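Keep in mind the model is a prediction, meaning the values are calculated, not measured. Values below: every heavy atom of this structure, side chains too, minus hydrogens, waters and symmetry copies.
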Amino acid sequence: MKRLLTTLALVVTAGSAFAHGAVSCPVVPKEEKRGQMELQKKLESEGWKVRKVQNYNNCYEVYGFDGQGKKAEAFFHPKTFERVYPEGEQPADKK
């Protein structure tokens, strides 16, 4: 039983690690970064339901639901709030 739980824990951890793909933002000096709450308010004004904002590879990573109500994990540049896509992904309007 212990072995099964350990295996399951490793599978879950590995799956979440691959969810990010290759995404990173350039390093931005602290004084030039805009706040996470500012990003959250911007997204909420666009119809997002934001559950969590955190730092990931110099980007802001946002979990929640986008303006269309779809579950979202998205990345944003901390200075410009421009959306950053993981390697191999592209915006829905460019597919």
Any chance the side chains of Q40 and E44 put a donor and an acceptor closer than 3.5 Å? yes
Just wondering, do F81 and E38 contact through their side chains at under 4.5 Å, heavy atoms? yes
Would L39 and V62 count as a side-chain contact (heavy atoms from CB on, under 4.5 Å) if you check the C-alpha gap in whole Å, the side-chain angles of each, and the deciding distance to 0.1 Å? CA-CA 9 Å; L39 173 60; V62 177; 3.8 Å; yes
Using 30° and 60° as the class limits, which term best fits the ring planes of F76 and W48: parallel, tilted or perpendicular? perpendicular
With K52 via side-chain hydrogen bond (donor to acceptor under 3.5 Å, both in side chains) - residues at least two apart: Q54
Does CD in E32 sit with more than 12 non-hydrogen atoms of other residues, nucleotides or ligands closer than 6.0 Å? yes
Side-chain touch F75/Y60, heavy atoms, less than 4.5 angstrom: no
Counting C-beta onward and ignoring hydrogens, is there a side-chain heavy-atom pair between H77 and N58 closer than 4.5 Å? no
Tell me every residue that passes salt bridge (Lys or Arg N to Asp or Glu O under 4.0 Å) with R83, counting only those two or more places apart in sequence or in another chain. none
Closest non-hydrogen atom pair between A72 and D66, with its separation: CB-N, 4.1 Å
Taking C59's backbone N and O only, do any of them form a donor-acceptor pair with N57's side chain (distance below 3.5 Å, no angle check)? no
Got a second to check how far T80's OG1 is from K33's NZ, nearest 0.5 Å? 12.5 Å
Gap separating the NZ atom of K41 from the CD atom of Q36, nearest 0.5 angstrom: 13.0 Å
State which residues pass side-chain hydrogen bond (donor to acceptor under 3.5 Å, both in side chains) with K42; sequence neighbours excluded, sorted by chain then number. E46
Start with the C-alpha distance between E73 and E61, add both sets of side-chain angles, then the distance that settles side-chain contact (heavy atoms from CB on, under 4.5 Å), and finish with yes or no. CA-CA 7 Å; E73 174 186 7; E61 179 179 24; 2.6 Å; yes
